[in-house]
Amino acid sequence: MKQSTALFFALWMLSAVVFGQQRKLQNQPYADYKIFHFGFMVGMHTQDLMLTQSGYANENGEVWFSEIPSYSPGFSVGLITDLYLNPYMNLRAIPTLHLGSKDFVFKEQTSGEEFRTGVRNNYITLPLQVKFTAGRINNYRPYLIAGGYGSVELASRKNQPVLLKPYDYGIEIGVGCNFYLPYFKLCPELKFCFGLTDILEKDRSDLVDRELMKYPLSLSKATQRMIVLSFNFE
């Protein structure tokens, strides 16, 4: 008898929750069914590189190693274009401007001598994504994104100890959630970008101070990484 009473009470509570969700007023109930719509995004990011050391030893017997010890936050802004495919999939292109930098620390393995330098990178990226969206629950709807991107640097500064190639491409994945407000959708999103090419510039004929050549020669490869936290307004 007690089990039957508990089961009845549980079913009654579940039906009350479901009924309450069904009766809750939905903002913009048809917003996700537009064939095509625009929006914009603003956010912040951190740039990183996966560095491969070459083990190069110069004429003085010095062997230098490098790392990026900490993330430097940058600013991101972009335009969202969204094409409806079906109730759970959308195709998106988001031209984005990323303003940021990377800080390097080079260390000589024997003496422990350190050399610090920085690279300012301002990229325009064009991601092409597929957005996979779960079912809507009242006024929120989580989603996943996956796709690829191409990027170009606006203006690279030559005669620096480290020079990166201006072009890159890679893949990106992320998670987010649509929040339906009375007049627009607000979508916080966290995205991870992984470059697939070596962007380390090895031809350093631009380097006037040849004493600095030991630093780029200590590296054999560098691939881009980026984490982007954005707020999309659609």
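Because the structure is predicted, anything quoted here is derived from the model rather than measured.
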query: Tyr33 vs Tyr84 aromatic rings, parallel, tilted or perpendicular, using cut-offs 30° and 60°?
result: tilted
statement: Smallest heavy-atom separation, Leu212 atom then Pro161 atom, equals CD1-CG, 4.2 Å
From Glu153 atom CD to Thr125 atom OG1, the distance as rounded to the nearest 0.5 Å: 13.0 Å
message: Looking at Asp168 and Ser151, would you say the former's side chain and the latter's main chain have a donor-acceptor pair under 3.5 Å?
response: no
task: Taking the side chain as every heavy atom from C-beta outward, state whether Val208 and Lys158 have any atom pair closer than 4.5 Å.
output: no
query: Are Leu229 and Ile173 connected in the hydrophobic side-chain network, where two residues link if heavy atoms are under 4.5 Å apart?
result: yes
message: Contact between Met213 and Leu207 at the side-chain level, heavy atoms closer than 4.5 Å - yes or no?
response: yes
query: Shortest non-hydrogen contact from Met44 to Pro73?
result: CE-CB, 3.8 Å
- prompt: Salt bridge check: are Lys191 and Glu172 linked by an N-O gap of less than 4.0 Å?
  reply: yes
Atom pair CE (Met41) and CG (Leu97), whose distance is rounded to the nearest 0.5 Å: 10.0 Å
- prompt: Are side-chain N/O atoms of Asp82 and Asn90 paired as donor and acceptor at under 3.5 Å?
  reply: yes
field: Nearest atoms (heavy-atom pairs only) where Ala146 meets Phe132
entry: CB-CE1, 4.4 Å
- line: dist Ser66:OG -> Phe115:CZ (nearest 0.5 Å) comes out at 11.5 Å
message: Any side-chain to backbone donor/acceptor pair from Glu108 onto Thr110? Under 3.5 Å, distance only.
response: yes
query: Where the side chain of Ser111 meets the backbone of Glu113, is there a donor-acceptor pair that is under 3.5 Å apart?
result: yes
- prompt: Going hydrophobic residue to hydrophobic residue with side-chain gaps under 4.5 angstrom, can you get from Leu219 over to Leu163?
  reply: no
Minimum heavy-atom distance between Thr133 and Pro142, given as atom pair plus value: CG2-O, 3.6 Å
task: Verify, without hydrogens or angle tests, whether Glu189 (side chain) and Phe231 (backbone) share a donor-acceptor contact under 3.5 angstrom.
output: no
query: Which distance, rounded to the nearest 0.5 Å, do you find between the CE of Met226 and the NZ of Lys102?
result: 6.5 Å
- request: Could you tell me whether the side chain of Leu186 reaches within less than 4.5 Å of the side chain of Phe233, counting heavy atoms only?
  value: yes
query: Taking the six-membered ring for Trp, is the centroid-to-centroid distance between Phe38 and Phe36 below 6.0 Å?
result: yes
query: Hey, does Leu126 have a side-chain heavy atom less than 4.5 Å from the side chain of Ile124?
result: no
Shortest non-hydrogen contact between Phe179 and Pro188, atoms and distance: CD1-CD, 3.7 Å
- prompt: With a cut-off of under 6.0 Å to the ring centre and 45° to the axis, is Lys131 in cation-pi contact with Tyr143?
  reply: yes
- request: Assess whether atom NZ of Lys165 is packed by more than 12 heavy atoms of other residues, nucleotides or ligands within 6.0 Å.
  value: yes
query: Among all residues two or more places apart in sequence or in another chain, which pass the side-chain contact (heavy atoms from CB on, under 4.5 Å) test with Lys202?
result: Asp198, Leu200
- prompt: Are the side chains of Val119 and Gln160 in touch, meaning some heavy atoms are under 4.5 Å apart?
  reply: no
- prompt: When you check the gap from the basic side-chain N to the acidic O, do Asp32 and Lys34 get nearer than 4.0 Å?
  reply: no
field: Hphob cluster co-occupancy, Leu128 + Val130, side-chain heavy atoms under 4.5 angstrom
entry: yes
- prompt: Does NZ or CZ of Arg136 fall inside the cone over Tyr180's six-membered ring, less than 6.0 Å from its centre and within 45° of the axis?
  reply: yes
task: Would you name the heavy atoms of Gly43 and Phe75 that are closest together and state the gap between them?
output: O-CD1, 3.5 Å
task: Indicate yes or no for a side-chain donor-acceptor contact from Arg225 to the backbone of Met50 under 3.5 Å, with no hydrogens or angles considered.
output: no
- prompt: Atom OH in Tyr215, atom CG in Asp209: separation rounded to 0.5 Å?
  reply: 9.5 Å
message: Checking the side chain of Ser76 only, and the main-chain atoms of Val42 only, is there a donor and an acceptor separated by less than 3.5 Å?
response: no
message: Are there over 12 heavy-atom neighbours, none belonging to Phe184, within less than 6.0 Å of that residue's CZ?
response: yes
field: side-chain contact (heavy atoms from CB on, under 4.5 Å) assessment of Phe106 paired with Thr117
entry: CA-CA 8 Å; Phe106 290 85; Thr117 187; 4.0 Å; yes
message: Whether the side chain of Gln26 engages the backbone of Pro29 through a donor-acceptor N/O pair (distance < 3.5 Å, no angle test) should be reported.
response: no
query: With side chains defined as the heavy atoms from C-beta onward, is the minimum distance between Tyr149 and Ile171 less than 4.5 Å?
result: no
message: Rounded to the nearest 0.5 Å, what separates atom CD in Glu114 from atom CH2 in Trp64?
response: 8.5 Å
task: Could you go through the side-chain contact (heavy atoms from CB on, under 4.5 Å) check for Phe104 and Leu49 one step at a time?
output: CA-CA 10 Å; Phe104 293 80; Leu49 289 173; 3.5 Å; yes
query: Within a radius of less than 6.0 Å around OH of Tyr88, do more than 12 heavy atoms belonging to other residues, nucleotides or ligands occur?
result: no
query: Is a salt bridge present between Glu62 and Lys214, judged by a nitrogen-to-oxygen distance below 4.0 Å?
result: yes
Asn58 and Leu217: CA distance, side-chain angles, deciding distance, side-chain contact (heavy atoms from CB on, under 4.5 Å) verdict: CA-CA 9 Å; Asn58 64 13; Leu217 289 174; over 6 Å; no
query: Taking it one step at a time, do Leu190 and Ile227 satisfy side-chain contact (heavy atoms from CB on, under 4.5 Å)?
result: CA-CA 7 Å; Leu190 182 64; Ile227 302 174; 3.9 Å; yes
task: Check whether any side-chain N or O of Thr223 sits under 3.5 Å from a backbone N or O of Thr197 as a donor-acceptor pair, and report yes or no.
output: no
- prompt: Between Gln47 and Gln224, does any side-chain donor sit less than 3.5 Å from a side-chain acceptor?
  reply: no
